[in-house]
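All ligand and atom numbering here is 1-based and tracks the order in the structure. Only a predicted model underlies this, so the values are computations on that prediction, with no experimental measurement involved. Sequence positions, counted from 1, serve as the residue numbers for this chain.
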Amino acid sequence: MKYYSTNRKSIRVNFREAVLKGIADDQGLFFPEKIEALPEEIIRNFQKTGLTELACTIASIFVKNDIPDKVLSEIIEDSLNFEIPLVKVEENIFSLELFHGPTMAFKDVGARFLARCMGYFTETSKTITILVATSGDTGSAVANGFLGIEGIDVVILYPSGKVSPLQEKQFTTLGKNITAIEVSGTFDDCQKMVKQAFADPELKKRINLSSANSINIARLIPQSFYYFFAYAQLAQDSLPLIISVPSGNYGNLTAGLIAKRLGLPVEIFLAASNINRPVPDYLETGEFKPRSSLETIANAMDVGDPSNFARILEMYDHSWKAIRKEIIGYSYTDDQIRKTIKQVYKKTGYLLDPHGATGYLALKEYLYDHPGIGIFFETAHPAKFHTIIEEVIEENLIIPDRLKQYNKREKKTILINNRFEDMKSFLLS
Ligand SMILES: *Cc1c(COP(=O)(O)O)cnc(C)c1O
């Protein structure tokens with residue numbers, strides 16, 4: 001498999017190079033040159049195989065020749081060493097719980113797979129510095145995914161005061177090969193600084209920079225595995241399948257579109273967002289207008305200029321009409337999210353987190369006047385947002401030990417302004 005750049009000015013590369021570079025020389029995003037549908041029989045057979053075997057089949061399409069089968073299956077077993085259960089919430093509505101990994105958010109899947117692929121590739125190359133911007137969950141998943149992996153240093157940029165205290169502790173207390181930079185600014189500032197770093201000739205020459213944001217293709221590919229796994233667990237294929245994805249930077253949804261190209265029978269995808277709605281607006285009007293992000297209680301989705309949108313456009317030859325046939329956009333306010341968390345909890349006993357709640361809401365809205373079986377993704381454990389949830393349901397939550405352990409550790413960060421030069425001098429020092 002070859003990967004081309006969405007800006008189409010760079011040469012095509014193999015998986016290894018796409019992963020190590022993170023972003024193409026022309027600043028485009030890498031994307032597989034062609035994605036062919038798997039035979040139906042293989043997809044049907046996924047109902048009998050476990051997650052790892054299913055994942056190996058799909059992964060080998062994308063990494064063949066770059067990682068030997070045996071190593072690949074070790075990487076997958078090690079990355080996906082937690083449950084991804086499909087839980088029935090109510091009639092025709094299921095939650096795919098993606099939060100049973102070490103940092104209790106779905107980004108563990110992509111970050112752990114990426115870290116292990118990179119670890120394998122660096123055995124034969126020089127030390128890499130991973131530069132990543134986070135609005136919360138990326139930082140914790142990447143930091144924990146890469147912790148202790150040899151030959152790789154990780155530098156995480158995050159907006160000061162704009163991630164939840166628990167999230168912050170998950171990536172500012174680890175030490176070892178992980179450094180956290182606290183930026184006085186917004187997530188968009190952080191993302192811009194990272195983009196600028198990749199385009200800076202001096203940095204490029206002096207350090208071996210790479211990315212672990214969902215612009216890295218190795219974060220994206222493993223996310224397509226669980227779409228198939230959700231379908232396999234459903235074992236019910238008479239009704240059209242609807243998948244609702246709480247979206248911010250649109251990596252998760254892009255992985256779903258890849259799964260569909262690979263043959264997964266999805267009728268329609270719902271792009272569920274908070275009030276940061278550049279994509280829902282695009283789907284409605286045909287015009288894509290990036291903007292500054294607004295703060296919400298579903299903060300991992302506070303993205304005003306989603307990077308993966310370029311890949312979505314590419315997959316549909318930039319045709320608004322074609323995109324609209326397969327994706328419907330929804331956008332919800334904090335109030336609606338809060339109400340939903342409360343109502344669903346009271347009615348069914350199922351506790352949503354603010355991100356999952358947008359997915360649930362979109363699904364409800366769609367299924368109101370369309371038939372179908374719906375799956376929404378629960379992208380984070382509700383306890384990660386316990387202050388918000390406790391206020392909404394007026395009950396105390398039990399915080400899992402996995403999250404509590406971080407609280408005991410000491411935060412260590414480097415404070416800088418939202419100026420590229422400040423970050424650059426840190427990286428060169
Ligand atoms: C990152 C994240 C999202 C958004 O995923 P994208 O791939 O950026 O669209 C949703 N929910 C949670 C909890 C996240 O951490």
Side-chain angles (χ1 to χ4, degrees), residues 29 95-111 114 132-145 158 162-164 166-168 170-171 187-188 190-191 211-224 226-227 243-259 269-274 276-280 293 296-312 327 329-332 337 341 352-362 376-386 388-389 403:
L29 306 188
S95 163
L96 186 72
E97 295 188 346
L98 295 167
F99 56 70
H100 295 280
T103 74
M104 312 206 91
F106 86 95
K107 291 192 176 72
D108 282 330
V109 174
L114 167 65
V132 68
T134 184
S135 55
D137 282 338
T138 298
S140 39
V142 167
N144 285 274
Y158 75 102
K162 294 197 172 64
V163 305
S164 84
L166 229 163
Q167 282 178 322
E168 189 179 32
Q170 286 185 310
F171 60 83
F187 168 67
D188 292 332
C190 297
Q191 204 168 24
S211 134
N213 276 105
S214 53
I215 51 179
N216 196 305
I217 193 72
R219 277 261 316 261
L220 216 56
I221 286 168
Q223 291 180 18
S224 65
Y226 50 68
Y227 282 84
I243 300 188
S244 177
V245 187
S247 295
N249 216 11
Y250 283 83
N252 212 356
L253 184 65
T254 305
L257 301 174
I258 293 175
F269 289 98
L270 312 182
S273 59
N274 55 30
N276 294 283
R277 43 173 304 156
V279 174
S293 60
T296 76
I297 57 169
N299 67 355
M301 303 179 352
D302 294 351
V303 184
D305 186 5
S307 340
N308 282 290
F309 187 65
R311 285 184 169 126
I312 296 180
I327 310 171
Y330 293 88
S331 153
Y332 299 102
I337 293 171
I341 294 172
L352 298 163
D353 95 296
H355 306 81
T358 66
Y360 171 89
L361 264 169
F376 69 94
F377 289 168
E378 241 317 341
T379 47
H381 192 291
K384 287 195 95 167
F385 308 92
H386 63 97
I388 295 160
I389 308 270
L403 291 179

Aromatic ring pairing Y227/F269, orientation class (parallel under 30°, perpendicular over 60°, tilted between): perpendicular
Ligand 1 N/O within reach of S247 N/O, cut-off under 3.5 Å: no
Side-chain donor or acceptor of R219 paired with backbone N/O of K107 under 3.5 Å: no
Any N or O of H355 closer than 3.5 Å to N or O of ligand 1: no
Check: N249/S307 side-chain N/O donor and acceptor closer than 3.5 Å: yes
Atom indices of ligand 1, in the order listed, that fall short of 4.0 Å to a heavy atom of A380: 13 (C)
For G251, atoms of ligand 1 separated by under 4.0 Å from a heavy atom: 6 (P), 7 (O), 9 (O)
S224 (side chain) donor-acceptor with G256 (main chain) under 3.5 angstrom: no
Side chain N144, main chain Q170, donor-acceptor under 3.5 Å: yes
Nearest option to atom 5 (O) of ligand 1, as decided by whichever heavy atom of F106, Y250, F377, F385 sits closest: F106
Donor-acceptor contact present, side-chain S247 to main-chain Y250, <3.5 Å: no
Nearest neighbour in protein (non-hydrogen) for atom 8 (O) of ligand 1: N249 N, 2.8 Å
Side-chain touch L403/H386, heavy atoms, less than 4.5 angstrom: no
No-hydrogen, no-angle side-chain donor-acceptor test under 3.5 Å, N216 and S211: no
Top protein contact for atom 13 (C) of ligand 1, by heavy-atom distance: D137 OD2, 3.1 Å
Geometric N/O contact K107 with ligand 1, under 3.5 angstrom: yes
Nitrogen or oxygen of A105 less than 3.5 angstrom from that of ligand 1: no
T379 neighbourhood, listing ligand 1 atoms whose heavy-atom distance to it stays under 4.0 Å: 10 (C), 11 (N), 12 (C), 13 (C)
Contacting atoms of ligand 1, where contact means under 4.0 angstrom from a heavy atom of N252: 7 (O)
